[in-house]
Protein chains: 2
Amino acid sequence: MTRAERESEGADGPGPLPAQLSAEIPARIPGTLPAEPQAKSRENLVHSLHDEVLARLREFIVEGNLAPGARVPERLLCERFGISRTPLREALKVLASEGLIDLLPNRGARVRRIGEGEIIELFDVMGGLEALAGRLACERITEAAYAEIERLHHEMYGHYLRRDLHGYFACNQAIHDRIVQAAENGPLSATYASFAGRLRRARYSANLDANRDRWGEAMREHEEILDALRRRAGSELSDILFRHLRNKRRAAADREAAAPVPGEPAVDSV
Amino acid sequence: MTRAERESEGADGPGPLPAQLSAEIPARIPGTLPAEPQAKSRENLVHSLHDEVLARLREFIVEGNLAPGARVPERLLCERFGISRTPLREALKVLASEGLIDLLPNRGARVRRIGEGEIIELFDVMGGLEALAGRLACERITEAAYAEIERLHHEMYGHYLRRDLHGYFACNQAIHDRIVQAAENGPLSATYASFAGRLRRARYSANLDANRDRWGEAMREHEEILDALRRRAGSELSDILFRHLRNKRRAAADREAAAPVPGEPAVDSV
DNA sequence: TCAGCTCGAAATGAATGCAAACCTGTGGGA
DNA sequence: TCCCACAGGTTTGCATTCATTTCGAGCTGA
């Protein structure tokens, strides 16, 4: 298939796919930072085929459309995306370097299986990154940006009072994202987004429904976070954020132990 | 060239190269963590050609054998490594995702030019990662590992007294690496190594010869670091390490302002 | 002299080809 | 029945080829 032929064709490939692959591939992750994993801001606005495939494949895997440990079917994905193996394989190398898949020599790519131990490690790194973001945010954040976080905080509190889990989650994630944004550090944002993706792929569950105590605790921690940020107490905020992530990790681990159902979709985030 | 032909041939390609490329490509970076950028520990012991090329090319760029902003000559590197363009281009995509190079659509790869602002950002991320490593190290470090760091610290102090810059640097780097190792967090180690490479590529200079004050200050900070680590005071150590990196960044910036000679090799690290 | 244009060489992006490695199912022997 | 060899198709890794774009030398005309 030549480039001209591909461009004149429709977006979707024609062939049917096995059930596992037939899930829709969304165009963008809604709830995360808009930052691309690496700096491609100025000149790389033209999406070369490679970038397009890379983004779509990353989403496909992060969203859990392939089971952990499952083979990544090169051929099928080529047909799915309507491309040849070359750009797809380039994307696979990049995803492997991001830790989303493993490349076994001569035996293809497999979706990385994330063990309990590694989830703990990833949580700790997220904690460190958020701690850093909080520290930097205290140095740089504008009054307006702080006010927006404060608004989100109160909105989140409202959801908490009404026991609206979904709204609570959305505000919670928005707050953490705003803090990272307020740090105004490109490499930090990119690294944060990358680790968030890896962790999200693990489908760890910190479902607050099953853990009402944790919900209240998390809400109190967020009070502390807002307070430290208001006082621009970087070092203190750094500590609180790390502890916050630690507790989140613990809640996730408890939940996992209580309901060890692998492959079951679960709600994220405290 | 077929695979059999390449394997029966010698390691070095035959052709002459322009002066800029004729520098030797070392096999490994001596002073950094042994960790590979991503988890390939168990099964990927067989180095597929791609991995080999990726590692060598990364070293080639990190070591500064290509000027910032310079074109990455695909053709020449292919001849140099004795491979075709496919695996080389795969490696370039990965390096781009690591932030070492920029890929301009239809105009090839260029060595990323790191501006002053980005160096500051990278330093801050390094500070956050070291802060995290220190915090985790306080939780996990063994007496033996602590004793080794203490030994390195005293050895470093000896170098400081004798004004032996080279020995001081080596111990300094070893201490920071040991702290990261003591954190026992694979993703953290990998991320740390990656950022260390990016920063090293910038060839920032924090030459202590030109800044004797900073040398003494750094030594005092290291006293604090050791003290906090001995007391397993994670939060405190975290703060000290971040400040330590901040001061290191400041010294580097001062030095850069005092002697703005781009392309001049300079001594790293405090 | 110099700005603008044309055309050809070279480089890039992607597709295709090909040898080697792997997986699978089949059959022979213990 | 169970274990192992092995032949076939399938997949992978890399080389090669092809289409497209960019870059630059040389020409034209003012």
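From a predicted model like this one, the values you see are computed outputs, not experimental measurements. Residue numbering restarts at 1 for every chain, and letters A, B, ... go by the order of the sequence lines.
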### Query
When the distance from CG of A/L88 to P of D/dC14 is rounded to whole Å, what number comes out?
15 Å
### Task
Looking only at side-chain atoms of B/N106, point me to the closest of D/dC14, D/dT21, C/dA14.
D/dT21
#### Entry: Given DNA chain C, 5'-ward residue of the pair A/R85 and A/R110, judged by closest heavy atom
A/R85
### Task
Mark yes or no for a side-chain to base donor-acceptor pair under 3.5 Å between A/R107 and D/dG13, with no hydrogen or angle criteria applied.
no
### Query
Of all heavy-atom pairs between A/V62 and A/G197, which one has the smallest distance, and what is that distance?
CG1-O, 3.9 Å
#### Entry: Inter-end axis angle, the helix from C/dT1-D/dA30 to C/dA30-D/dT1, with every axis fitted to five base pairs (rounded, 10 degrees)
10°
### Heavy-atom pair of closest approach, residues B/R71 and B/R107
NH1-O, 3.6 Å
### Query
Nearest-Å distance, CD (A/E79) to P (C/dT16)?
12 Å
### Query
Can a side chain N or O of A/R71 be found less than 4.0 Å away from OP1 or OP2 on D/dT12?
yes
### Query
More 5' along DNA chain D: A/E74 or A/T86, using each one's nearest nucleotide?
A/E74
### Message
Tell me the interatomic distance from B/L103, atom CG, to C/dT12, atom C1', rounded to whole angstroms.
### Response
11 Å
### Single hit among A/K248, A/R250, A/R246 for salt bridge (Lys or Arg N to Asp or Glu O under 4.0 Å) with A/D124
A/R246
### Query
Nearest heavy-atom pair of B/A183 and B/L136: which atoms, and what distance?
CB-CB, 3.7 Å
### Query
For A/F81 and C/dA15, what is the distance between atoms CZ and P respectively, to the nearest whole Å?
13 Å
### Query
So, the side chain of A/R201 versus the backbone of A/R112: is there a donor-acceptor pair under 3.5 Å, distance only?
yes
### Query
Are the side chain of A/N185 and the backbone of B/E121 linked by a donor-acceptor contact shorter than 3.5 Å?
yes
### Query
Looking at B/R89, does any N or O in its side chain come under 4.0 Å of the phosphate oxygens OP1/OP2 on C/dG13?
yes
#### Entry: Side chain of B/H50 (C-beta onward), nearest among C/dC22, D/dC14, C/dG13
D/dC14
### Task
Provide, to the nearest angstrom, the distance between the CD atom belonging to B/E90 and the P atom belonging to D/dG13.
9 Å
### Summary
Heavy-atom nearest nucleotide on DNA chain D taken for A/R75 and for B/P87; more 5' hit belongs to A/R75
### Query
In whole angstroms, how far is the C1' atom of C/dA20 from the CG atom of A/L104?
17 Å
### Task
Round to the nearest Å and state the distance from B/L92 atom CG to C/dA14 atom P.
13 Å
### Task
Over all heavy atoms of both residues, which pair between B/P187 and A/E118 is shortest? Give the atoms and the distance, please.
CG-OE2, 4.5 Å
